S.K.: 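Structure in structure tokens, see below.
None of these values were measured; they are calculated from a predicted model.
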Amino acid sequence: MALLEAIDRWGPITVTELARHLGIDKAIVSRMVTACQRDGWVIRHEGRIVLGPRASLLGHGGPMDQSVRQAEPLVHAIAGVTGLMTQAYGLVGTQAVAFASAKGPGPSLNPGLGTFTPLWVTAAGRSIAAQLDEATLDAILPSDPLPDTRDVIAGLGPEFVAYLSSTVDPDEDTHPALPRTHAELRRELEAIRRDGIASDPGQLSPQIACIAVPWHHAALPAALACVGPATDIARSRVLITTLLKAAVKRTATAHSITTAAAEIIAEPTS
């Protein structure tokens, strides 16, 4: 399982690279890959290893597959109106993992195990955390103090780090602080439950902001989020909030999202 997760996270990948990531001897990894390839778990494409058809079909019909099918038209509708990267995140183990994504005009993140954050980090993660009971949350969260921004970034997946790398200066502490205690986080979660929306004004990078909403009608604890340049997020906040809240309604469709957008755009400005 660790082998397949590593290929999903870092692939397409060579045996040498895979051995380095797993910390296992290259010869052992090569035998594992050969065995998995025989049964269709992985395939080789242009000299590199990627997940095969058997791995792709494994979750077919499960809760995550159902959530992906729900999310795809919604995130694409929102991204089409706002021009911002729009993603669906779900609780996978102890992390918030992107499982659907529609690209904006700039850098983007692909869905998959490589795009994850801890639950107390980003608006999407906290929107998921706000749906969990106290016992579940206590089992997931590390003890106080919660890791700071630099430690969080060091533990992110490679794709997420690459996305942030052009804007994050690890020696500059100008971004808003992440919650550092359980008490501080719980105050934020209460506000999310009350208002139905979460904001990240640039806690991982001053240049990147996020607005997210809890998605209660997915097949797992989930959230929908718009991510992009902080200036674009601030300028379109009303539109983003309206569309995200429209998208998490039980009856939401791409058409209902574009209708909500048309109503906002048609409103007279004072």
S.K.: Looking at residues at least two apart in the chain, or sitting in another chain, which of them share a side-chain hydrogen bond (donor to acceptor under 3.5 Å, both in side chains) with T82?
M.R.: none
S.K.: Only pairs under 3.5 Å count here: list side-chain donor-acceptor contacts from residues 134-146, not counting sequence neighbours, and write none if there are none.
M.R.:
unit_1	atom_1	unit_2	atom_2	d
E134	OE1	R186	NE	2.6
E134	OE1	R186	NH2	2.8
T136	OG1	D133	OD1	2.8
T136	OG1	D133	OD2	3.4
D138	OD1	R186	NH2	2.6
D144	OD1	H182	N	2.9

S.K.: Could you tell me which residues satisfy side chain to side chain contact (heavy atoms under 4.5 Å, CB included) with A183, sequence neighbours excluded, listed by chain and number?
M.R.: T181, R187
S.K.: Of all the heavy-atom pairs spanning V75 and A102, show the shortest one and how long it is.
M.R.: O-CB, 3.5 Å
S.K.: Do T149 and V152 have side-chain heavy atoms sitting under 4.5 Å apart?
M.R.: no
S.K.: Shortest non-hydrogen contact from L109 to F160?
M.R.: CD2-CA, 3.7 Å
S.K.: If I take atom CG from residue L4 and atom CE from residue M32, how far apart are they, to the nearest 0.5 angstrom?
M.R.: 8.5 Å
S.K.: With sequence neighbours left out, write down each residue that passes side chain to side chain contact (heavy atoms under 4.5 Å, CB included) with Q131, or none if nothing qualifies.
M.R.: P214, H216, P221
S.K.: Got a sec, which residues hit salt bridge (charged side-chain N to carboxylate O under 4.0 Å, His left out) with R31, two or more places apart in sequence or on another chain?
M.R.: none
S.K.: Distance check, rounded to the nearest 0.5 Å: Y89 atom OH versus S127 atom OG?
M.R.: 11.5 Å
S.K.: Please tell me if the side chains of Q87 and P111 come closer than 4.5 Å, counting only heavy atoms from C-beta onward.
M.R.: no
S.K.: What is the distance from atom OG1 of T242 to atom CZ of R237, rounded to the nearest 0.5 Å?
M.R.: 11.0 Å
S.K.: Who pairs with R44 by side-chain hydrogen bond (donor to acceptor under 3.5 Å, both in side chains), at least two apart in sequence or on another chain?
M.R.: Q37
S.K.: Is there a side-chain contact between V92 and F116, using heavy atoms and a 4.5 Å cut-off?
M.R.: no
S.K.: Is there a side-chain contact between L156 and V121 in this structure, where contact means two heavy atoms from C-beta onward sitting under 4.5 Å apart?
M.R.: no
S.K.: Taking atom CG of L91 and atom CG of L119, what is their separation to the nearest 0.5 Å?
M.R.: 5.5 Å
S.K.: What are the two closest heavy atoms between L51 and I7, and how far apart are they?
M.R.: N-CG2, 3.7 Å
S.K.: Residues two or more places apart in sequence or in another chain: which of them pass side chain to side chain contact (heavy atoms under 4.5 Å, CB included) with S236?
M.R.: I240
S.K.: What residues, two or more places apart in sequence or in another chain, satisfy salt bridge (charged side-chain N to carboxylate O under 4.0 Å, His left out) together with E72?
M.R.: none
S.K.: Considering non-hydrogen atoms only, spot the tightest contact between I211 and S199 and give its length.
M.R.: CG1-OG, 4.3 Å
S.K.: So, for P229 and L84, which heavy atoms are closest and what is the spacing to 0.1 Å?
M.R.: CD-CD2, 4.3 Å
S.K.: Counting only heavy atoms from other residues, nucleotides and ligands, does the tally under 6.0 Å from NE2 of H45 exceed 12?
M.R.: no
S.K.: Roughly how far, to the nearest 0.5 Å, is the CD1 atom of I197 from the CD1 atom of I192?
M.R.: 9.5 Å
S.K.: Residues two or more places apart in sequence or in another chain: which of them pass side chain to side chain contact (heavy atoms under 4.5 Å, CB included) with A123?
M.R.: A198, D200, C210, A212
S.K.: Out of curiosity, H21 NE2 to L3 CG, how far, rounded to the nearest 0.5 Å?
M.R.: 12.5 Å
S.K.: If you compare all heavy atoms of Q203 against all heavy atoms of P179, which two are closest, and at what distance to 0.1 Å?
M.R.: NE2-CD, 4.3 Å
S.K.: Taking side chain as C-beta onward, heavy atoms only, is P118 less than 4.5 Å from Q95?
M.R.: yes
S.K.: Check whether any side-chain heavy atom of I78 lies under 4.5 Å from a side-chain heavy atom of L244, and answer yes or no.
M.R.: yes
S.K.: Would you tabulate the side-chain donor-acceptor contacts of residues 256-266 under 3.5 Å, counting partners in other chains and residues two or more places apart, or write 'none'?
M.R.:
unit_1	atom_1	unit_2	atom_2	d
S256	OG	T253	N	2.9
S256	OG	T253	O	2.8
T258	OG1	A254	O	3.3
T258	OG1	H255	O	2.9
T259	OG1	H255	O	2.9

S.K.: Enumerate the residue pairs fulfilling side chain to side chain donor-acceptor pair (under 3.5 Å) with a member in residues 103-121, sequence neighbours excluded, ordered by first and then second residue.
M.R.: N110-E159
S.K.: I'd like to check the salt bridge (charged side-chain N to carboxylate O under 4.0 Å, His left out) partners of E184; sequence neighbours left out, ordered by chain and number.
M.R.: none
S.K.: Should V15 and V50 be counted in the same cluster of Ile, Leu, Val, Met, Phe, Trp and Tyr side chains packed under 4.5 Å apart?
M.R.: no
S.K.: Grouping I, L, V, M, F, W and Y whenever their side-chain heavy atoms are under 4.5 Å apart, do L22 and V42 come out in a common cluster?
M.R.: yes
S.K.: Transitively linked via ILVMFWY side-chain contacts under 4.5 Å: I233 with L239?
M.R.: yes
